[in-house]
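Counting convention: from 1, in listed order, for ligands and their atoms alike.
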Amino acid sequence: MRRLVAGTGWKMNNGIADSIRYAEELRSRIAGLDTSAIDIYVLPPFTSLATAANAFAGSPVAVGGQNMHWDDSGSWTGEISASMLLETGCRYVELAHSERLQHFGETYEAVRRKVDKAMSVGLIPIVCLGETAQEKADGRADEVLADQLLTSIDGQPDERVPEIILAYEPRWAIGAAEAASPEYVEERHRALRTILRKHCGEEIAERTRIIYGGSVTPENGRDILDIKDVDGLFVGRAAWKPEGFARIVELVSDAAKRKQAA
Ligand code: 13P
């Protein structure tokens with residue numbers, strides 16, 4: 001049984017004061033929920049990380065960075081290392097978000113190096129995978145996903161792959177009006193698990209978590225979570241306010257109970 005995940009990336013939102021308010025309110029809103037069967041993360045901007053890590057200390061909510069550099073230190077102006085993230089209290093790091101690929105020229109070859117570094121210091125990488133609208137229209141989605149996934153995990157021993165969280169985030173569904181349809185999500189998640197099965201074996205494929213992100217809301221989240229190969233939700237806009245994320249956390253905890261009972 002894979003532990004389900006409820007995560008949110010704050011992107012460039014929530015400075016220090018807002019992070020404290022967010023953490024206080026989220027903690028009180030989820031205090032009555034049984035979240036013991038799921039993993040919860042928030043990804044604040046770098047300048048809010050230490051504050052958020054402190055504000056969530058002792059709660060079920062862990063904190064992560066939205067990016068990092070692959071090197072330990074050196075002449076990389078504007079960059080942040082894995083050990084710096086750890087030092088602020090991070091447990092996770094997001095890699096290959098579509099906005100980083102689109103606006104900042106991130107490549108999966110760089111992502112591969114970052115995965116390697118993150119794993120070596122004990123951070124959990126959340127690796128985003130997703131096709132563009134054009135690649136979807138050309139019928140190339142699964143081919144693109146295979147390429148992104150296999151590049152990202154290249155060099156990792158198979159037994160370490162389940163430590164990585166894979167996030168299927170179709171690039172055309174991020175920041176959009178609607179999420180991908182549950183049927184479409186089901187096909188892509190199944191394809192990703194098949195790729196894992198082929199390259200890492202059945203047992204590794206069954207243990208690796210693949211979560212969905214892209215215009216998730218408290219309204220559409222339940223249908224997506226009910227898909228067999230979906231192991232959680234990765235939410236942007238709908239979780240930028242604590243009440244929104246609290247509803248997502250509740251949906252994911254309920255889905256974990258349903259999946260356990262099935
Ligand atoms: P939205 O939920 O705002 O579409 O963003 C999703 C996202 O970027 C998750 O990483």
Side-chain angles (χ1 to χ4, degrees), residues 4-14 18 22 26 38-46 48-49 52 61-68 85 90-104 106 108 111 114-115 118 123-133 136 141 144-145 148-149 152 164-182 184-185 188-189 192 209-225 227 230-252 255:
L4 297 194
V5 179
T8 176
W10 289 354
K11 308 193 183 186
M12 200 168 72
N13 298 286
N14 291 332
D18 286 339
Y22 188 111
L26 183 66
I38 68 170
D39 291 331
I40 307 171
Y41 66 74
V42 301
L43 310 178
F46 290 136
S48 298
L49 280 175
V61 182
V63 166
Q66 299 177 13
N67 181 32
M68 55 166 250
L85 291 181
C90 284
R91 182 162 166 67
Y92 295 89
V93 62
E94 175 181 24
L95 301 172
H97 188 274
S98 74
E99 287 147 22
R100 297 226 44 96
L101 304 175
Q102 185 184 344
H103 304 298
F104 303 102
E106 178 113 318
Y108 277 90
V111 170
K114 294 179 184 195
V115 167
L123 282 172
I124 300 171
I126 304 156
V127 177
C128 304
L129 311 164
E131 79 284 5
T132 62
K136 173 176 184 265
V144 167
L145 291 175
Q148 294 172 346
L149 169 57
S152 304
I164 303 170
I165 296 179
L166 302 176
Y168 172 55
E169 304 210 321
R171 288 171 67 173
W172 48 272
I174 305 260
E178 280 184 49
S181 70
Y184 191 82
V185 175
R188 301 290 80 71
H189 279 242
L192 279 166
R209 292 174 298 174
I210 310 174
I211 65 178
Y212 172 81
S215 300
V216 171
T217 64
E219 288 70 39
N220 64 21
R222 185 184 159 123
D223 285 348
I224 298 172
L225 281 166
I227 299 167
V230 169
D231 304 312
L233 300 175
F234 191 0
V235 189
R237 290 158 298 166
W240 286 348
K241 292 274 182 292
E243 60 268 34
F245 194 42
R247 289 178 68 195
I248 298 289
V249 169
E250 186 170 2
L251 280 183
V252 175

- prompt: Could you go step by step and tell me if Glu219 and Arg247 meet the salt bridge (Lys or Arg N to Asp or Glu O under 4.0 Å) rule?
  reply: CA-CA 9 Å; Glu219 288 70 39; Arg247 289 178 68 195; 3.3 Å; yes

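Listed by number with element, the atoms of ligand 1 under 4.0 Å from a non-hydrogen atom of Glu169 are 9 (C), 10 (O). The ligand atoms of ligand 1 that sit less than 4.0 angstrom from a heavy atom of Ser215 are 1 (P), 2 (O), 4 (O).
Taken to the nearest 0.5 Å, the CG atom of Asn220 stands 9.5 Å off from the CG atom of Leu225. With rounding to the nearest 0.5 angstrom, the CG atom of Leu85 is 6.0 Å from the CG atom of Leu123.
Residue Gly175 places a heavy atom less than 4.0 Å from ligand 1. Heavy atoms of Gly213 stay at 4.0 angstrom or farther from ligand 1.
Of all the listed residues (Glu178, Glu94, His97), His97 holds the heavy atom that lies closest to atom 8 (O) of ligand 1.
Take Arg237 and apply the side chain to side chain donor-acceptor pair (under 3.5 Å) test, not counting sequence neighbours, and it matches Ser215.
On a distance-only criterion, Glu99 and ligand 1 share no N/O pair closer than 3.5 Å.
A salt bridge does not link Arg188 to Glu131: none of the charged side-chain nitrogens sits closer than 4.0 Å to a carboxylate oxygen.
The one candidate from Ile164, Ile165, Val111, Leu166 that meets the side-chain contact (heavy atoms from CB on, under 4.5 Å) condition with Pro125 is Ile164.
Protein heavy atom at the shortest distance from atom 3 (O) of ligand 1 is Arg237 NE, 2.7 Å. For atom 5 (O) of ligand 1, the nearest protein heavy atom (residue, atom name, distance) is Lys11 NZ, 3.2 Å. Scanning all protein heavy atoms for the shortest distance to atom 6 (C) of ligand 1 gives Gly236 N, 3.6 Å.
With hydrogens and angles ignored, the 3.5 Å screen pairs a side-chain donor or acceptor of Asp231 with a backbone N or O of Ile210.
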